[in-house]
Amino acid sequence: MAKKCRVNENCIGCGLCEGTCPSVFELVDGTAQAKMEEIPEDLEAEVEDAAASCPVQAIEVE
Ligand code: SF4
């Protein structure tokens, strides 16, 4: 089953995730949003990287 991701309220809008995985994350009005909930398999590694690099653990992957 595809993994899912969301950005929670901890996001401080640093933009790191958008740089790491622009296919999934974008900054909107100063905070990051996931453009999709279900992560395509070929983007899973990038999303995991983005989640691990987020300075405030705002990216939840499950
Ligand atoms: Fe927000 Fe984390 Fe992305 Fe920075 S890396 S924009 S804090 S979700």
**Student:** Give me each pair satisfying side-chain hydrogen bond (donor to acceptor under 3.5 Å, both in side chains) with a member in residues 13-30, each pair once, sequence neighbours excluded.
**Tutor:** none
**Student:** Test: side-chain hydrogen bond (donor to acceptor under 3.5 Å, both in side chains). Region: residues 53-62. Which pairs qualify, not counting sequence neighbours?
**Tutor:**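 Only Arg6-Glu60, Asn8-Glu60 qualify under side-chain hydrogen bond (donor to acceptor under 3.5 Å, both in side chains).
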**Student:** What's the shortest heavy-atom distance between Val47 and Cys5, and which atoms?
**Tutor:**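 Closest heavy-atom pair between Val47 and Cys5: CG1-CB, 4.2 Å.
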**Student:** Taking only residues two or more places apart in sequence or in another chain, which ones pass side chain to side chain donor-acceptor pair (under 3.5 Å) with Glu48?
**Tutor:**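 Glu48 satisfies side chain to side chain donor-acceptor pair (under 3.5 Å) with Lys3 once adjacent residues are dropped.
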**Student:** Can you name the residues that form a side-chain contact (heavy atoms from CB on, under 4.5 Å) with Ala51, not counting sequence neighbours?
**Tutor:** Ile59, Val61
**Student:** Any salt bridge (Lys or Arg N to Asp or Glu O under 4.0 Å) pairs touching residues 49-58, not counting sequence neighbours?
**Tutor:**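 Sorted result for residues 49-58: empty, none.
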**Student:** Which pairs would a plain distance check flag for residues 30-46, meaning a side-chain donor or acceptor within less than 3.5 Å of a matching protein atom at least two apart in sequence or in another chain?
**Tutor:**
from: Lys35; atom 1: NZ; to: Pro22; atom 2: O; distance (Å): 2.9

